[in-house]
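Each remark here refers to the structure printed beneath this line.
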Amino acid sequence: MMKRQAFLRSETRYLEAVETMPRAQLLVLQEQRLLKMLSYAYERAPLVRRLWNASGITPADIGSRADFIARAPFLTKEDIRRQRDEEKDAHAGLLCLDPSEVNWLVSTTGTTGEPTILSHHWGNTGLDQQAPGLNGQWPPSYAGSSPRDYWEMGVREGDYFLNFGFRIRGSTFRPAQYLGAIPIFLSYAPGDLLLAMKLSLQYRPTMWWVMTPPTVRALLALERDHKIDMHDVFSSYKAVIFAGEPLGPQMRTHLERWGVGDRIFNMSALGDIALAQDCRAHDGCHAWEDVALVELIDPETGAVIEKDGRGELVVTTLVNNADALIRFRTGDYVDMKWGTCACGRTHARFQPLGRTGDEILIGDRSVLPIDVWLLIEQQPECADGIFQMIRPQREMQYLHIRVGYAGQSNLADLQARLTTSIQAALGLPVNIELVPQERILATGGHLKFSRTVKE
Amino acid sequence: MAATNTKPWAVGLLRSGPEAPYVIPLGEEELDRDAQWAMRQFERMGIQPGKPALLIGSGGDYHLLWPCEDALTRMKVPFGQAEVLAADAARSAMFLRRLQLQAVLGITLDILDALPMHGLDVSRLFANMPVICAAPGAWEKLRSLGCAPWQEIRLGPLYGFQPPDEEGYLYNQDEWLLEENEGRLLVTNRRPRMFDFKRMNFGITGRLIEVDGEKRVLLT
Ligand SMILES: [Zn+2]
């Protein structure tokens, strides 16, 4: 079982020195880990070897981080799917260990298709990287950098941690226990929310893991039907981790009304390599660059974008000895910032904007669901932000948006209001299709529905 | 109700019994003993190191699931995780389709009924599954398909496992005292736990039987 750590008594701002390591030094550390990882993965992972051989290079040709960025081939979801199906290999040619050595077979949410298996191994035997913060007690890669995020959010020894999450990516309460926090086990199910309220008042937890849009909607119903004082319920929370989708402005107003507006921390997957979470500066989810080499590219041309801005997130694991995601194109469209954060950390951070497959081009204008989100939520009947962009192909003549409404409404009037507001804001033609919001919600799973659909 | 003043390792919830839900603090040592017992049951089921298994369960049941996860890890069994509801059946289906699983543990009727929608031939799939441990409902369905699954039930705060084609649920007798009382089974912890169960009635109607010198629970 887990040993209590010496740092638990300290009150330093940062959990690990690497968080604020000068950028130049961080890149040297990254390069050392990268070069070791490349030869390790090339030797062991058939898909990596196949892609690299097809590009005519081997790890011996890569002497630096710059070489890697200039020459290494990308790994796409399509490459993974093809290898998995054609070779009948559940691990899609990425596994660097014998299958018998794997500890945890976790999986992606599966919102955009069949969930993908991700493998983890306790410790990182064979690769021998210094995994961040951890001691071989759990997968160093996926959850390994979460304790530093939780520490930043204020989780301390003896705190209670409300574990209201999906059981698909390992035992997600373990990073909190690493800090000495005590998880309260609940199921991610609406039926457990009343219990979550009760236990919040009884145990006064400091972290809610995790809040999602369907959960906020369910809490609003409980507040209304049971007259619960949400301000009291949330008064002890130092952090409410928000995941699944970007937090829309309307939903944020509810959380602000409950008194936790300034304690919402967004969480995003760092391309299936790790989790990335906001710091107290709330300027994007920190992509820990000692865990992953993070790149931003133009999704169309594949050109590397070195300055701040929008693009596709590309990640390379530096510590996972089980699954070799090397230069993996995540398909996640993000807004990236590279400079030192206001929190003092030197690692990149990003805002998730959507999927690269969500982007619609009208002429040379790029539009993502997030660009119309606020405009839709501003209409009272659409305050829940339930909508889908209809995207039969990337290039469109006009925006076609299916918008869900709640309750009774004058539909002609609502349609006119939405059309006027979106056309005025974006300067683009728009076709609004109104449906009861339940119809859109019913198309999704328990975590989220697709924000873009073909028809 | 905590037996000691030490901080718990986690806090779980029991959802059955007259005053349910019970909020139960969990200690590290008791969970360790639970994991050791789970290991012995998994070995008895025939689960072997190095071959993948699927452990289906929900986060709210971690007071029972963590010892199982811990046991599989100690046994060096790679395992996948999936939720119990039909809404998450795609995940179980994916593990079942992609991996040569040696065991499916905790399968529910919800998941079983949803698997055909994800393109799986349930009869064929489970006919070749070396170890199945099913929740009530799924167990009957799998039996009707000709499989011989183990069955898992909750006896309040503990698991009971019934071997295929045998009568009675095995339980951790070192840890728990079960007593018959007017057709009900009362639950007491024999060893210190952070939450003391003293002849607690979880509404389990049954009696105790002995099979090969081993106590088992027979539901009536
Ligand atoms: Zn920061």
Side-chain angles (χ1 to χ4, degrees), chain A residues 1-2 84 88-92 97-110 113-117 119-122 138 157-158 160-173 177 180 182-189 191-192 195 198-199 202-203 205 444-447, chain B residues 7-13 15 20-21 23-26 28-29 31-32 35 48-66 69-70 72-74 76-95 97-101 118-119:
Chain A
M1 291 269 172
M2 221 173 301
R84 190 180 63 191
K88 303 236 178 303
D89 175 2
H91 302 282
L97 302 171
D98 186 89
S100 67
E101 293 176 295
V102 170
N103 292 116
W104 283 2
L105 299 155
V106 305
S107 52
T108 58
T109 56
E114 190 184 60
T116 302
I117 293 179
S119 305
H120 295 280
H121 177 253
W122 278 351
W138 60 55
E157 183 174 19
Y160 287 93
F161 172 96
L162 196 88
N163 195 73
F164 183 79
F166 229 47
R167 190 176 157 274
I168 61 174
R169 278 187 174 157
S171 309
T172 43
F173 54 87
Q177 284 183 319
I182 303 157
I184 299 173
F185 297 142
L186 289 171
S187 293
Y188 178 79
D192 264 14
L195 279 170
K198 186 175 160 236
L199 292 168
Q202 186 180 345
Y203 282 89
H446 29 250
L447 291 174
Chain B
K7 285 272 188 183
W9 189 82
V11 174
L13 283 164
R15 292 144 201 270
V23 180
I24 50 167
L26 301 158
E28 208 166 347
E29 286 176 18
L31 290 172
D32 184 57
Q48 296 164 24
K51 296 180 182 172
L54 174 61
L55 179 62
I56 298 170
S58 203
D61 289 328
Y62 254 122
H63 59 287
L64 289 168
L65 277 174
W66 173 254
E69 289 192 2
D70 199 13
L72 292 172
T73 305
R74 293 187 206 185
K76 299 197 182 305
V77 176
F79 66 96
Q81 304 178 321
E83 283 272 343
V84 294
L85 300 171
D88 198 46
R91 191 173 317 282
S92 284
M94 180 275 292
F95 281 118
R97 176 170 37 241
R98 301 275 173 207
L99 295 170
Q100 199 73 40
L101 295 174
H118 298 280

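Every chain is numbered from 1, with letters handed out A, B, ... down the list of sequences.
Side-chain contact between B:K76 and A:E101 is absent, with no heavy atoms from C-beta onward closer than 4.5 Å. Between B:L65 and A:F185, every side-chain heavy-atom pair lies at or beyond the 4.5 Å cut-off. For the pair A:W104/B:T73, a side-chain contact is recorded, criterion being any heavy-atom separation below 4.5 Å from C-beta on. You'll find the side chain of B:L13 stays beyond 4.5 Å of the side chain of A:I184, heavy atoms only. Residues B:F95 and A:L105 are in side-chain contact: their nearest non-hydrogen atoms beyond the backbone lie under 4.5 Å apart. Contact annotation: the side chain of B:V11 approaches that of A:Y160 to within less than 4.5 Å [non-hydrogen atoms, C-beta and beyond]. In this structure, the side chains of B:D61 and A:R167 stay at 4.5 Å or more apart for every pair of heavy atoms. A:S171 places a side-chain heavy atom less than 4.5 Å from the side chain of B:W66.
Residue B:S58 holds its OG atom at 7.5 Å from CG of A:D192, rounded to the nearest 0.5 Å.
Between B:L99 and A:A90, the closest heavy-atom pair is CD2-CB, 3.5 Å. Of all the heavy atoms in B:E83 and A:G165, the pair that sits closest is OE2-O, 4.2 Å. Listed here is the closest heavy atom pair of B:P78 and A:S100: CG-O, 4.0 Å.
If you measure heavy-atom distances from A:P183 to chain B, the contacts under 4.5 Å come from both the backbone and the side chain. Of the atoms belonging to B:V84, not a single heavy atom falls under 4.5 Å from chain A. Interface residue A:Y203: only side-chain heavy atoms are found under 4.5 Å from chain B.
Between chain A and the options B:L54, B:L55, B:L26, B:L72, heavy-atom pairs under 4.5 Å are most frequent for B:L55. Note on A:T116, A:I117, A:N163: by heavy-atom pairs under 4.5 Å with chain B, the leading option is A:I117. Interface summary for chain A: among B:R15, B:R97, B:H63, B:K51, the most heavy-atom pairs under 4.5 angstrom belong to B:R15. When the candidates B:G50, B:P21, B:P52, B:A93 are compared by the number of heavy-atom contacts under 4.5 Å with chain A, B:G50 comes out ahead. Contact count against chain A (heavy-atom pairs under 4.5 Å) is highest for B:G57 among B:A90, B:G12, B:G57.
Test B:Q81, B:R98, B:R91 against A:S107 for side chain to side chain donor-acceptor pair (under 3.5 Å) and you get one pass: B:R91.
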